[in-house]
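Here is the structure we will look at.
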Amino acid sequence: MRDKLGKGKKGIKALFLLVFLFTMSMLAECVIFQFKAVWIKEKSITVDLQSEYVKWSEADKLVALTEEETESIRISQDNERLLAEYYGKEYTPQYEEGIVEKQGALYRQVKETRIRFRLKDPYYIHKFDLRILLEQKGGYTLRISNNDKEKTLYCSIDPRIDAGITNVNAYGKDFEIIFLTGQELYPEDMSLTMSNSFAPNMLRVFLIFTLLLLTTAAFLCREQIAQKPQLMFAGAAFLLGSAIIWGVGTNQVGYDEYAHAKSAYDLSFGTTIETTEAAMQLKGNLLPFFYTPEERELIESYEQRNNDFGWADITTQSRMVRAENRVYYPNAIGFKAARMIGADFAASVAMAKFGGLVSYILVMYAAVALAKRYQILVAAIGLLPNNLFMACSLTRDMVVTSFLILGCVLMMNEFLEPERKLTWQRTLAILLSFVCGSVSKPVYIVMILLLLFLGKEKFDNRIQEILFKVAVCAVVGLMIYDIFYPTPVATTNHQLVGNYAYAGDKRSTGTNNLGQIQYILGNPLVYTLLLLRSMLGMLWESLSTDSFINYGYLGKAPIVFNWIALLLALWLSIWRPKEDERRLLTKLHVVLTAVMLLGTAAVIWTSMYVSYTAVGSSTIEGVQGRYFIPLFVPLFVCFFTKQRRSKLGRRTVSQIAFLTMIYMNLFMITVLILNTMNV
Amino acid sequence: MKKIKLKNLHIEHIVLPMLTLLCLAGFIGSLLFPKEVLDTYRMNVSEEEGDAEFMVPLSAQTPVFYELNTTGRPMKGIQVVLSKEGSAQEGVSLRYQVYERSIDEEGRLGELLSDNTYPVEDGEELQYVYLPFTDSERCSGDIAIRFWCESSQELTTPPALGANHTLLDNTMTMVGDEQLDGSLKCMYIYTHDTYPLLYDFRLMTFVFLAAAMAVSYPKRKTGKGGKRENA
């Protein structure tokens, strides 16, 4: 009875605390961030663009395409050329209307329209809201001046929402708007409103609330966090992940998110796929991008209008899901659940991302819980911004990374306790974790070759040991074999798809798996030098200039974050909390683990050279830092040989580690998500 | 006599080896019994810039021939654009026969490989229709497909096949004796084998084998006071 009363009181206290923290967050938003709207009260202005005081001028111009746009056209042409070659047709490169080639570079023909006007009195502008009927993508540069103070801003306009809304946050009197469009503009097709209204930003409120809540939890629940760090990991990952999903919306900023979105979306159906127009744009990386909450509202409304299943495109697929596509189930379940409850398009995308986040948290929860005395290290890796961002995207990486980390934890546990007999449950858990993690990226399976070095003490007898190791080799061999000779699945163009001479990543030009393998075998020394140079180059760049920590295409963290994360991981590996018992990896196992890490890294680089790089290239393309995250657990476990006893207790160590990772994420969410597209 | 006491047996002693064997059986079964699926090749389905689709009318007197090479594989069928040209086409049948491609100087058709009929009235006004070949295993190598229409009544508005001006290697479209300046719009349909669950079974065989090897099996005892032996 007393227990129940105690629990009830604790519950009420927790509820009060939550209400208090939320109130504080709202207050901070209203007082600090809405200060200008409250202090400088201005009514919104609508500018009459047809007035004689507004000056218009026009000129023709050529604008160079960005490297990204040019590369996209080249890749598309390369793929068309390959198909034409396969079908025996002659190929002539063609450009879309308005694109011209000049001295080897590609340009777009545009019209430059300048609009100038002046207000009677200076006006404080928060939002500059321009609505215009456009046929093609365009944009405008806004120059505002007031008393010699000038501000220049750029805003893009998507014809699907016919609006470009930007934040000014300055006084303005003289205005110049410069448009670069593919069409002539008329004043009657345009409207302009400037405003400075009070509008609390709920995402910012949520971020402040998360900051206060997690900091409070780190201080009030120190004992619980020290004992069960997996709980704090799960809570922090869920709150931070929710903020990322909320903030990013339907903007496609994850690594190749459109390709993964297609797989996940298709998987959420049975044999008949219904692709709405909005889903088609999602699959084609064509969804409009928002930079302000106002644009977001317009875009989500546009997406919902185009999410009518009544006129969806109908296609079919095989009932048997390709093995490598099963990793999309977490996202697919989200899409399916969203359709079942009739959620709108933006909510469907968010639910699909939540599916990924929840699966990531569950698997990493197990990894943190099962780690032997290095739980906080695993939790810190789990909260690494790169991992959290991947878990909140439409991607397979959250499955790959989380299962491989779980597998590594279980495998390293075996080496940390060499006398403990292997059990079938742990064996199944290790192998299934690695198989799930490697099913879509089979190169990672080579990591389990480390199991070949388990001592004889782990087994009942010699025969069982030999058979176990043979089975492990067979699992590795079969998964690697499947890279070169994939199991045939129902597909169109089977001879082309299954033809190794044509195999290669079609996101990059000049690729050919067979040709590249022949090149490597013909030039082993040249390739070995290239491999070593590339590996060392990337390592040096990650430590010196190019920050490893990032949020996909949204951007990178300051380089200092690299060092903070690295030093934190080293500190957690080398200094153990004073009450923890010492656990060492034998020197032999450290050497073997290092060999496995180097070998796996070399295999990852080589796989990208074979599949993603043009034949015979002197650089290796497409390798990204995130590919090495699954190797972090064994890498830092190697430092256990030097383990020393820290003066700090488990509670303080976990507090420092969690708060460091949480603040790092909050900083990145604020800078890269909130400030760039949600204010 | 070597004995294992039943009470020393646990579920994992039986289940894991059984699962290993089951997966092995599944692996062999998947290899032995592949599933045949259709394999579509979109040979000529879109027009290049400046080109437009046009219709080739079908009649009993002037058949349309389409010659192709199957690159050594038996062809299961072909998908062509069939238009009813605004008429109900009641009682009209599309006949299509597959021949070995003629090689003699007189231009005679080779051996008849497949003879088929498609009721035109069943289809939509304009659509890609799948025309499967009977005895498809014979339809391999250099072949010619002959299309024409049959009707019990006189055809006022005959159905038509869609074509464009794209010229494909190793193919030729003839209307009667004249070569068409272009090709029929079509997709080639072949088949290929898939192995459902092969990947899973062969992988899980070894996963379960490894797990089965991590089990402590009960020791077998020899008869009277004999030595214990490992299982």
Side-chain angles (χ1 to χ4, degrees), chain A residues 83 86-90 92 94 318-320 322-324 326 421-432 434-435 439 445 448 451 458-479 481-482 486-498, chain B residues 10-13 15-16 19-20 27 30-31 34-44 48-50 69 71-73 166-171 187-200 202-219 229-231:
Chain A
L83 271 178
Y86 181 76
Y87 288 127
K89 291 181 189 173
E90 193 183 328
T92 327
Q94 284 173 343
S318 168
R319 190 175 284 108
M320 294 301 299
R322 291 175 74 115
E324 63 266 36
R326 292 181 202 145
K421 280 261 184 289
L422 205 59
T423 64
W424 66 270
Q425 294 96 328
R426 296 207 308 274
T427 307
L428 266 186
I430 293 172
L431 293 181
L432 289 179
F434 274 106
V435 167
V439 72
I445 200 66
I448 61 164
L451 290 173
K458 289 274 179 189
F459 301 92
D460 248 22
N461 57 52
R462 191 78 179 143
I463 296 171
Q464 280 183 244
E465 182 188 348
I466 291 170
L467 279 174
F468 172 87
K469 291 177 180 176
V470 167
V472 167
C473 288
V475 170
V476 175
L478 286 171
M479 290 194 83
Y481 171 85
D482 208 67
T487 317
V489 289
T491 173
T492 55
N493 285 338
H494 176 70
Q495 275 209 330
L496 177 62
V497 176
Chain B
H10 292 283
I11 192 150
E12 65 266 24
H13 297 143
V15 169
L16 286 169
L19 282 172
T20 309
F27 171 29
S30 298
L31 263 181
K35 186 184 169 200
E36 192 181 76
V37 292
L38 294 181
D39 182 12
T40 308
Y41 291 77
R42 299 159 70 88
M43 296 308 290
N44 181 24
E48 282 165 13
E49 209 169 301
N69 182 286
T71 58
R73 292 200 294 164
T166 305
L167 289 170
L168 298 176
D169 278 359
N170 298 320
T171 71
M187 297 184 225
Y188 297 172
I189 314 293
Y190 295 98
T191 59
H192 73 84
D193 286 341
T194 63
Y195 300 87
L197 299 175
L198 175 75
Y199 178 88
D200 305 83
R202 73 180 178 195
L203 208 57
M204 292 315 288
T205 301
F206 293 101
V207 169
F208 283 124
L209 175 63
M213 291 304 108
V215 173
S216 184
Y217 291 96
K219 313 287 181 194
E229 285 178 7
N230 286 333

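This one's a predicted model, so the numbers in the text were calculated from it and none came from an experiment.
Between atom OG1 of residue B:Thr20 and atom CZ of residue B:Phe206 there is a gap of 10.0 Å, rounded to the nearest 0.5 Å. For the atom pair A:Asp460 CG and A:Phe468 CZ, the distance stands at 13.0 Å (nearest 0.5 Å). The CZ atom of B:Phe27 lies 13.0 Å from the CG atom of B:Leu197; values are rounded to the nearest 0.5 Å. The distance from atom CE of A:Met320 to atom OG1 of A:Thr487, rounded to the nearest 0.5 Å, is 11.0 Å. Separation of atoms CD (B:Glu36) and NE2 (B:His192) is listed at 10.0 Å; rounding is to 0.5 Å.
Within 6.0 Å of NZ in A:Lys469 there are more than 12 heavy atoms belonging to other residues, nucleotides or ligands.
Chain B forms more heavy-atom pairs under 4.5 Å with one residue of A:Leu451, A:Val472, A:Val439, A:Ile466 than with any other, namely A:Val439. Contact count against chain A (heavy-atom pairs under 4.5 Å) is highest for B:Val215 among B:Val215, B:Leu198, B:Thr171, B:Asn44. Counting heavy-atom pairs closer than 4.5 Å to chain A, the top-ranked of the candidates B:Pro34, B:Ala211, B:Pro196 is B:Ala211.
For B:Met204, the part lying under 4.5 angstrom from a heavy atom of chain A is the side chain only. If you measure heavy-atom distances from B:Thr205 to chain A, you find no contacts under 4.5 Å at all. Residue B:Leu203 touches chain A through both its backbone and its side chain, counting heavy-atom pairs closer than 4.5 Å. Heavy-atom distances place no part of B:Ile189 under 4.5 Å from chain A, backbone and side chain included. Proximity to chain B involves both the backbone and the side chain of A:Leu422, based on heavy atoms less than 4.5 angstrom apart. Interface remark: B:Asn170 contributes no atoms to any contact with chain A (heavy atom separation under 4.5 Å).
Taking 4.5 Å as the limit, some side-chain heavy atom of A:Tyr481 sits within range of a side-chain heavy atom of B:Arg202. The shortest side-chain heavy-atom distance between A:Ile448 and A:Met479 does not fall under the 4.5 Å cut-off. Using a 4.5 Å heavy-atom cutoff, the side chains of B:Asp39 and B:Arg73 are in contact.
Although no hydrogens or angles enter the test, the distance criterion places no donor-acceptor pair under 3.5 Å between the side chain of B:Ser30 and the main chain of B:Tyr195.
At a heavy-atom cut-off of under 4.5 Å, chain B is reached by A:Thr423, A:Trp424, A:Thr427, A:Leu428 from residues 423-430 of chain A, listed in order of number.
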